[in-house]
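Have a look at the structure below before the remarks.
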Amino acid sequence: MTKDTRTRFAPSPTGFLHVGGVRTALFAWLVARQNNGKFILRLEDTDQAREVEGSAEHVLKSLKALGLNYNEGPDIGGEFAPYKQSERLDVYKQWAQKLIDSGRAYADPYSREELQQFREQAQAEKKPFLYRNHRPENPPAWDGSQPLRFKSDPKPYQWHDEVMGDLSTGSEVIDDFILIKSDGFPTYNFAHIVDDAEMHISHVIRGQEFISSQPNYLNLYEALEIEPPVLATMPHIMAATGGKKLSKRDGAKDILDYTKSGYLSEALVSFIATLGWNDGTEQEVFTTDELIAKFSLDRVHKSGAQFDDKRLEWVNGQFIRKLDIGKLYELSTDFWPNVGSDADTEYKQKVLALAQDRMKTLNDLRQFGYFFVDPPVNMELIDSNKQVSKLSPERRAELIQQAHDALQNSEFTPEAIQETLNQLLETTGEKPGILFSLIRIYTTWAAFSPQLNDTLALLGKETVLRRLQQV
RNA sequence: GGUCCCAUCGUCUAAUGGUUAGGACAUCAGGUUUUCAUCCUGGCAAUAGGAGUUCGAUUCUCCUUGGGAUCACCA
């Protein structure tokens, strides 16, 4: 009988959720989903000093924004509640007692200063520092005021990691480590092992910062007589791009910043999943359902990847283009320019239909104020336009007047407008690059806009004629 | 420094002994008879270096170099 798949994401509330954290969470989520398993969220808040106010809520919000819903968690409870380590202190005490009883844990009698001296001494002798070389012969009884330390059993280890493959280390990396701190809280090293066992976690998927501690965890699993879960270690995502240092540490950026700037959650998910993973085909973009069907840990790269904003932008555009207008409208609620926020749904959907093919992020909607109110005249646009700037002011006025008169008699469907504009080319003898640019600028006062005839049709005859007489 | 891991175009990657080393992003050029964008066509661009195994190495082994992780009463 195979165990039920139960994966977990176990962040500590010490800041926002960045891209690397999201990827770890995403892969754990995918493994759970594809095996009809459960995805558990656990808060590892055992370091009171580092805890950042509000960051737990921030993490929950980030996961929800990305659609990485969990089956059990601190805010929704579950069979093994509580899911917050600070509320499970008695659980760790019980497991610690087992270790004390079996002689595998002891009270650490040394002060931090004494420990520091041991380290410096080892360094001076150019020997690696091992706490177990300083194990007290007759440790005091543990009364909770000293740290409780694990008594390790040094030996070589070899184990399998779903991503990294077969790994091995010698016994020299095995050492005694602290289980319970003198403030009564467990260390990560102890708490996560206890909780993963208590919560029946089948796969531990985490970042590479833990890989060098793995043999010590294996040692602890043995002492606790716990069967280790399936292990998978994710390589880090590089913070900087290329050789040049970026001021924005893009890989370390808050994931919510991306959703706030108009990136779709499914685009983010697809992009992050393919940072270090692909299915072996030439497919570049994946829906979340495809990811659930195709993802596998053994195809995750062992090497770290760099975050490329341009590629994310492209992926996002791909997803925006696939959306139907109703869905796009729903997602775009917060991204309209202020002047358009009260406009009616039907009109906004028409704007979206025009804009959809040119959008990279939902934020691009902000530039479409001219669809809602008359934009301010900006002669700079005339001067900076290579072709239009060559026209004399008189000729410009003349052309605009002709355009006005011609459009006045147009039926104002996109087709009729195109027809009118084409005729205008003939009667004025101007090139499209000049005439159309001129009309486009006078009606939108924007550096660019969607296709001219469609834009004019949506704006409506009255508005277009008014704007043509504005200057 | 010790230990562990990694190394294909600028970036994300495909190819696990036999390919002109493929795709995508970015970039450049052209097209879609207005701009920006979309879309289409084409160009540029990589196996870090050195030994070895082999008829044949991106692929297997070793060394070098480079990068990452870790060595806390942090996670």
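Chain identifiers are assigned alphabetically (A, B, ...) following the order of the sequence lines, protein sequences preceding nucleic acid strands; residue numbering begins at 1 within each chain.
- The side chain of Phe448(A) sits closest to U35(B) out of U35(B), A75(B), C25(B).
- Proximity of His301(A) to the phosphate of G68(B): no side-chain N or O atom is located under 4.0 Å from OP1 or OP2.
- Looking at heavy-atom distances under 4.0 Å, Thr46(A) makes contact with sugar-phosphate atoms alone, never a base.
- Taking the P atom of each, U34(B) and G10(B) are spaced 37 Å apart, rounded to whole Å.
- Checking U35(B), A14(B), A69(B) against the side-chain heavy atoms of Ser437(A) singles out U35(B) as nearest.
- Spacing of P atoms, C12(B) relative to C5(B), comes out at 22 Å, to the nearest Å.
- Distances from the side chain of Ser213(A) to the nucleotides A72(B), G22(B), A75(B) place A75(B) closest.
- Note on Gln387(A): nothing from the nucleic acid sits closer than 4.0 angstrom, heavy atoms only.
- Contact annotation: Gln318(A) reaches the phosphate of C39(B) (side-chain N/O to OP1 or OP2, under 4.0 Å).
- No hydrogens or angles considered: a donor-acceptor pair under 3.5 Å links the side chains of Asp279(A) and Thr281(A).
- In this structure, CG of Leu115(A) is placed 9 Å from C1' of A72(B), rounded to the nearest angstrom.
- Side-chain contact annotation: Ser111(A) with Glu114(A), donor-acceptor N/O pair under 3.5 Å present.
- Pro450(A) comes within 4.0 angstrom of a nucleotide base, judged by non-hydrogen atoms across all strands.
- The listed nucleotides are U34(B), U38(B), U3(B); the one nearest the side chain of Thr169(A) is U3(B).
- Shown here, G1(B) forms a base pair with C71(B); the pair counts as Watson-Crick or G-U wobble because both key distances fall under 3.5 Å.
- Counting non-hydrogen atoms under 4.0 angstrom, Phe185(A) reaches nothing in the nucleic acid.
- Residue Arg321(A) is in sugar-phosphate contact alone, with no base atom involved, counting any heavy-atom pair closer than 4.0 Å across all strands shown.
- If you measure from atom CZ of Phe286(A) to atom P of A24(B), you get 14 Å, rounded to the nearest angstrom.
- At a threshold of 4.0 angstrom between heavy atoms, the contacts of Thr281(A) with the nucleic acid are absent.
- A cation-pi geometry, defined here as NZ or CZ lying under 6.0 Å from the six-membered ring centre and within 45° of its normal, holds between Arg149(A) and Tyr131(A).
- Nucleic acid contact for Gly276(A): sugar-phosphate only, since backbone atoms but no base atoms lie under 4.0 Å from a heavy atom of the residue.
- Residues Ser152(A) and Asp175(A) bring no donor and acceptor atom of their side chains to less than 3.5 Å of each other.
- Taking atom C1' in both A24(B) and C44(B), one finds a spacing of 16 Å when rounded to whole Å.
- For Gln208(A), the listed nucleotide lying nearest its side chain is A69(B); candidates were U13(B), U3(B), A69(B).
- Residue contacts for Arg299(A): at a heavy-atom cut-off of 4.0 Å it reaches the sugar-phosphate backbone alone, with no base atom in range.
- Across all strands shown, Leu435(A) has no heavy atoms under 4.0 Å from either base or sugar-phosphate atoms.
- Ranking A75(B), U13(B), U3(B) by closeness to the Glu44(A) side chain, first place goes to A75(B).
- Just one residue in the list Lys151(A), Arg132(A), Arg135(A) forms a salt bridge (charged side-chain N to carboxylate O under 4.0 Å, His left out) with Asp176(A), and that residue is Arg135(A).
- When heavy atoms are screened at a 4.0 angstrom cut-off, Asn189(A) is found touching base atoms of the nucleic acid.
- Side-chain contact check for Gln451(A) and Asn453(A): at least one donor-acceptor pair (N or O, by modelled atom type) lies under 3.5 Å.
- The base of A24(B) sits with one of its N or O atoms less than 3.5 Å from a complementary donor or acceptor on the side chain of Arg311(A).
- Across C60(B) and U47(B), the matching C1' atoms stand 16 Å from one another, rounded to whole Å.
- Applying the 4.0 Å criterion to OP1 and OP2 of A75(B), one finds that Lys181(A) has a side-chain N or O inside that range.
- When Watson-Crick and G-U wobble pairs are counted only if both distances are under 3.5 Å, A7(B) pairs with U65(B).
- Of the candidates C5(B), C12(B), A75(B), the closest approach to any side-chain atom of Ser12(A) belongs to A75(B).
- Pairing for U32(B) is absent, with no Watson-Crick or G-U wobble pair whose two atom distances lie under 3.5 Å.
- Considering only the side chain of Arg50(A), A75(B) comes nearest among A75(B), U38(B), U13(B).
- Residue Asn278(A) places none of its side-chain N or O atoms closer than 4.0 Å to OP1 or OP2 of U13(B).
- Of the candidates U34(B), U35(B), U3(B), the closest approach to any side-chain atom of Pro432(A) belongs to U34(B).
- Among the atoms of the strands shown, none is found under 4.0 Å from any heavy atom of His192(A).
- Base contact: Glu284(A) has a heavy atom under 4.0 Å from a base atom.
- Here A75(B) presents its P atom at 17 Å from CD of Gln214(A), a figure rounded to the nearest Å.
- One atom, NZ of Lys360(A), and another, C1' of A37(B), lie 7 Å apart when rounded to the nearest Å.
- Taking the ring axis of Phe436(A) as reference, the NZ or CZ atom of Arg440(A) does not stay both within 45° of it and closer than 6.0 Å to the ring centre.
- By the ring-ring contact (aromatic ring centres under 6.0 Å, His included) test, Phe118(A) is found to be paired with Tyr110(A), His134(A), residues two or more places apart in sequence or in another chain being considered.
- Within the cation-pi definition used here (under 6.0 Å to the ring centroid, within 45° of the axis), Lys348(A) does not qualify as a partner of Tyr329(A).
- With hydrogens and angles left out, the side chain of Ser182(A) and the base of C73(B) share a donor-acceptor pair within 3.5 Å.
- Using a 4.0 Å heavy-atom distance criterion, Glu51(A) is classed as making no nucleic acid contact.
- Rounded to whole angstrom, the span from the CZ atom of Phe129(A) across to the P atom of G2(B) amounts to 19 Å.
- In terms of position along RNA chain B, the nucleotide closest to Pro128(A) lies nearer the 5' end than the nucleotide closest to the other residue of the pair Gln418(A) and Pro128(A).
- Straight-line distance between the P atoms of A45(B) and U11(B): roughly 16 Å, to the nearest whole Å.
- Atom-to-atom, CD of Glu209(A) to C1' of A72(B) comes out at 15 Å; the value is rounded to the nearest Å.
- Heavy-atom distances to RNA chain B give each of Asp166(A) and Leu452(A) a nearest nucleotide, and the one nearer the 5′ end belongs to Asp166(A).
- Using the six-membered ring where Trp is involved, Phe368(A) and Tyr370(A) have ring planes that are perpendicular, over 60° apart on the 30 and 60° scheme.
- Only the C1' atoms considered, C9(B) is 14 Å distant from G43(B), to the nearest whole Å.
- Under 4.0 angstrom from either OP1 or OP2 of A72(B) there lies at least one side-chain N or O belonging to Arg119(A).
- Of the candidate nucleotides G22(B), C25(B), U70(B), C25(B) has the atom lying nearest to any side-chain atom of Asp308(A).
- When rounded to the nearest whole Å, the span between NZ of Lys310(A) and P of A37(B) equals 10 Å.
- Between U53(B) and C4(B), the distance separating the two P atoms is 28 Å to the nearest Å.
- Spacing of C1' atoms, A26(B) relative to G67(B), comes out at 23 Å, to the nearest Å.
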